[in-house]
Colleague: 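One structure follows; several queries about it will come next.
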Amino acid sequence: MSIVYDEAQQAIASESRRILDARMESARLLALLERTGEFDRVFWSTAVEQGWTALAFPEEHGGLGLGLVELGIVAQATGAATAGAPFQTSNYGAGHILLASGQADLVGQWLPRLASGEATAAVAFAEGNAPLPPRPGCAFAGGRLAGAKPGVASALAADIAVVWCLHEGRPALALAELAGVSRRAVDSFDNGRLYADLGFDGTQARLLVAGEAASELARDALARMAVVTAHEQLGGAEALMFIARDYANTRRAFGQPIGAFQSVKHRIAELYTLVEIARANCIHAASREGRPDFLSAAAAARLSATEAYDTAARDTVQIHGGIGVTWEGGLHLHMRRARSLAIEQGNALFWEDLLVDELAGAAA
Amino acid sequence: MNDLDAYRAAARDWLRSQLPAFGREAQAGLSELDHLALGKRYQRAKFDAGYAGINWDPEFGGQGLSPLHKVIFEQEEMACGMPSGYYGVSLGISVPVVMKFAQDRAWAKERVLAALKGDEIWCQLFSEPSGGSDLAGARTKAEPDGNGWKLNGQKLWTTYAQFSDYGVILARNDPTVPKHKGLTFFWLDMHAPGVTVRPIKLAAGDNHVNEVFFDDVKLTDGQRLSPVGGGFGTAMATLMIERYSASDPAGFGPALDLFIDLARNSEVNGRPAIEDGRIRSAIARTYAMRSGLEAITTRAMRMMAAGMEPGPEGSLNKLVSVRSRQKLSELAIDLMGNVGLAWDVHASGKDDWVASWLAAPTGRIAGGADEMLLNTIAERILGLPQDHRPDKGVPFNQIPA
Ligand SMILES: Cc1cc2nc3c(=O)[nH]c(=O)nc-3n(C[C@H](O)[C@H](O)[C@H](O)COP(=O)(O)OP(=O)(O)OC[C@H]3O[C@@H](n4cnc5c(N)ncnc54)[C@H](O)[C@@H]3O)c2cc1C
């Protein structure tokens, strides 16, 4: 089961791609790599202006009332351009959790501002290499949060964070404002993602959900963010495939285009197979939000998109020879983004296990 | 203990004694120029201790030992992480050519000695913007000029050209004959008028390769290292002079022990990573591959010790080890998760997974791209046919660009 993009969705796809093509410059993105605490403001103001920040939120909270399919389409364009600010994904995840928590005052306070892009949010689930540790080390008690969250995307600039924590011995989700929270900038290989080590030290926070409901909501939100990220990975992988194709058609060696050598030609054709499987899985997963098979669909999208982007990065660089590894050539923007996105929302090992648990559980 | 074991033990002792002055800690935090200066002092220390030009002619300042002794020393040196990189191309590729082919023998002796002492560095100017794999497609022009030659054109990717005093270069003297036949091999003073060197920043942030421009650079005919038009053959032959060198089964990335440590100290979804089937499989397969490469090297060394010619399987080390290191580094970053997003620009690819992953693509391209190594195995070792090559036998200036 899947969907075919309708006309409105196709328009979002071509328009988002057109705008990002016009506005993204690799020189600006390269400069961001060497600075911490900065993100691409041109992208973010574009996202605000185009209403991308509001896309997947309900109209009564300032959103456009569309869904994961449309957000995924924009994320694909973002990925193709190695554009983006990490809030594109984390704002959506945090907003979704706030809405699902049913806490009307917080929804009223934050949703319209997230939708307008005026406020930004981080989602602090992971600890170490665990995207969603069953017993998080971060603790919530008496209205306060304590504990550490390493390498949280968006966290260097976000106003608020949704934090996966332990409350009275059970997992919970809490909302904290980050203004007074210790944020140590992580000098990263992809600095525009605004990674910070967050240290909560009796930070005032609001409990959103606790117990089994929190676990379910966190998994659902993580899967939703993973689907957005998978679209971004898909966009990046597809862009690389075309970059490789174009280069193989023009670069000559031994009197002919290098694309005439089967080892080069087949490498690019293999990328096509990975990209199309990732695309089909991404579109399918986005269309299954809220359905019982959403987790498996999200895992399939995430796994195939991670493989496609990592492989496309390796192979496209290889096909370029020396030009592929220069700073100015900029292919490493994709190579770095492929890896940072492979980690954000949980590595492949996590999604493989989750998928097998879903499948085996269903079979049992 | 036989001779070779004793040689290894002595080399190891000497290297250990040099660690405080030159090892990883001594290198940490140095500026580019200070690191180069340290590398030069280290080369001088090697020379003084009899570890430079180990298998070279004593007449040229060498030690007159076998290639095997050289490989043994390199193996021990590699394990110590010494700052020997500045001399890799110089002493591994370029200077042996000068030693073998330079016309003025007294001059050659001076240069070789200065290079062994580390005072002078040589680069290799083969690849160009129009191509690296297709070496015989070089376009840089050498035109007759009075009694000598005049050089115009551009080279690219020249390792350490910015620190080099001399270089060896392949240039086209005749574009009207098929590409292999119109090339001549020269040496060149990198400080000569008309030579411009511009460093290129690589994706991992380092600047060790360069573009080099030639604008009417004058060469005497005495700088010719090959017959006129015979440069390609000489260039190929020179690549064979130092064909035995220590290889690194880790593909110049971190040792497998470091991956095992990481797996011991991490969890995958609540279970120890070292018990995870995927991680165990990666460790086991990497081990099997690397131990195979090590055994190939050991066997080759035994054959050399017995006076036999090692088999061609020695050529697969770089191909197999570097691409595997690239994927293992990705898996290590996966294992570290959010913590693996951090990157220290100064970290070494020998002990840091992110640094190893970022630099791995250069290893799969420099010194022959993976695809070219596979072609060599297929065509030279296995006797498979070449791809169709439309430039074959066609005069260089009639190859469609
Ligand atoms: C870090 C670094 C250091 C270097 N140092 C030096 C140096 O000191 N001196 C020097 O002269 N050069 C040096 N090089 C250049 C290096 O040798 C070339 O980059 C390499 O040979 C590839 O050439 P290229 O970059 O022009 O790629 P191309 O030759 O354009 O190749 C592009 C792609 O096409 C593929 N391809 C080409 N021909 C074939 C074929 N027949 N069959 C199948 N696939 C094919 C290649 O494998 C590659 O994937 C260095 C390169 C790097 C990255």
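All chains are named by letter (A, B, ...) in the order of the sequence lines, taking the proteins before the strands, and each is independently numbered beginning at 1.
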Colleague: Identify the heavy atoms of B/Pro390 and A/Phe254 that sit nearest to each other, and give their distance.
Modeller: CD-O, 3.6 Å

Colleague: Below 4.5 Å from any heavy atom of chain B, which atoms of A/Ala130 appear? Answer side chain, backbone, both or neither.
Modeller: neither

Colleague: Out of A/Ile323, A/Leu33, A/Val152, A/Val317, return the one with the most heavy atom pairs under 4.5 angstrom to chain B.
Modeller: A/Ile323

Colleague: Where do B/Glu330 and A/Arg339 come nearest, in terms of heavy atoms and distance?
Modeller: O-NH1, 2.9 Å

Colleague: Between the side chain of A/Arg252 and the main-chain N/O of B/Pro400, is any donor-acceptor distance below 3.5 Å?
Modeller: yes

Colleague: Could you look at A/Tyr195 and say if it's the side chain, the backbone, both or neither that has a heavy atom under 4.5 Å from chain B?
Modeller: side chain

Colleague: Counting only non-hydrogen atoms closer than 4.5 Å, can you tell me which residues of residues 374-387 of chain B sit against chain A?
Modeller: B/Asp387

Colleague: Where do A/Ala253 and B/Asp134 come nearest, in terms of heavy atoms and distance?
Modeller: C-OD2, 3.9 Å

Colleague: Go through the atoms of B/Lys392 and report whether side chain, backbone, both or neither lie under 4.5 Å from a heavy atom of chain A.
Modeller: neither

Colleague: Which pair of heavy atoms, one from B/Asp334 and one from A/Ile343, lies closest together, and at what distance?
Modeller: OD1-CD1, 3.5 Å

Colleague: Measure B/Leu341 against the heavy atoms of chain A and call it side chain, backbone, both or neither at under 4.5 Å.
Modeller: both

Colleague: Which distance, rounded to the nearest 0.5 Å, do you find between the CG of A/Asp190 and the CH2 of B/Trp343?
Modeller: 11.0 Å

Colleague: Sort A/Glu344 into side chain, backbone, both or neither according to what part of it lies under 4.5 angstrom from a heavy atom of chain B.
Modeller: neither

Colleague: Between chain A and each of B/Val345, B/Asn269, B/Asp370, B/Val339, count heavy-atom pairs under 4.5 Å; write down the option with the most.
Modeller: B/Asn269

Colleague: How would you list all residue pairs meeting side-chain hydrogen bond (donor to acceptor under 3.5 Å, both in side chains) that involve residues 323-336 of chain A, not counting sequence neighbours?
Modeller: A/Tyr309-A/His334, A/His332-A/Arg336

Colleague: Report which part of A/Leu354 has an atom under 4.5 Å of a heavy atom belonging to chain B: side chain, backbone, both, or neither.
Modeller: neither

Colleague: Evaluate B/Arg323 against A/Arg314 for side chain to side chain contact (heavy atoms under 4.5 Å, CB included), listing each step before the verdict.
Modeller: CA-CA 9 Å; B/Arg323 67 188 184 193; A/Arg314 253 182 255 121; over 6 Å; no

Colleague: Only pairs of heavy atoms separated by less than 4.5 Å count here; which of A/Gln262, A/Arg251, A/Arg193 has the most with chain B?
Modeller: A/Arg251

Colleague: With a 4.5 angstrom heavy-atom cut-off, could you sort out which part of A/Ser263 is near chain B: side chain, backbone, both or neither?
Modeller: side chain

Colleague: Between B/Asn338 (side chain) and A/Glu127 (backbone), is there a donor-acceptor pair under 3.5 Å?
Modeller: no

Colleague: If you look at every heavy atom in B/Trp357 and A/Met335, which pair is closest and at what distance?
Modeller: CZ2-O, 3.4 Å

Colleague: Evaluate B/Lys201 against A/Glu34 for salt bridge (charged side-chain N to carboxylate O under 4.0 Å, His left out), listing each step before the verdict.
Modeller: CA-CA 13 Å; B/Lys201 186 170 171 182; A/Glu34 297 186 297; 2.8 Å; yes

Colleague: Heavy-atom count check: over 12 atoms from other residues, nucleotides or ligands less than 6.0 Å from B/Lys181 NZ?
Modeller: no

Colleague: Heavy-atom distance under 4.5 Å to chain B: side chain of A/Val186, backbone, both or neither?
Modeller: side chain

Colleague: Relative to chain B, which segment of A/Arg267 carries a heavy atom at a distance below 4.5 Å: side chain, backbone, both, or neither?
Modeller: side chain

Colleague: Counting heavy-atom pairs under 4.5 Å to chain B, which of A/Pro150, A/Ala126, A/Gly322 comes out on top?
Modeller: A/Gly322

Colleague: Only pairs of heavy atoms separated by less than 4.5 Å count here; which of B/Gly131, B/Ser266, B/Ala359 has the most with chain A?
Modeller: B/Gly131

Colleague: Identify which of B/Gly270, B/Ala366, B/Ser133, B/Ser130 forms the greatest number of heavy-atom pairs closer than 4.5 Å to chain A.
Modeller: B/Ser130

Colleague: Highest number of heavy-atom pairs under 4.5 Å with chain A: which of B/Leu335, B/Leu331, B/Leu156?
Modeller: B/Leu335

Colleague: What do the steps show when you test B/Val268 against A/Asn347 for side chain to side chain contact (heavy atoms under 4.5 Å, CB included), and what is the final call?
Modeller: CA-CA 10 Å; B/Val268 174; A/Asn347 61 25; over 6 Å; no

Colleague: If I take atom NZ from residue B/Lys327 and atom CG from residue A/Asp310, how far apart are they, to the nearest 0.5 angstrom?
Modeller: 9.5 Å

Colleague: Are B/Arg278 and A/Asp353 close enough for a salt bridge, meaning some N to O gap below 4.0 Å?
Modeller: yes

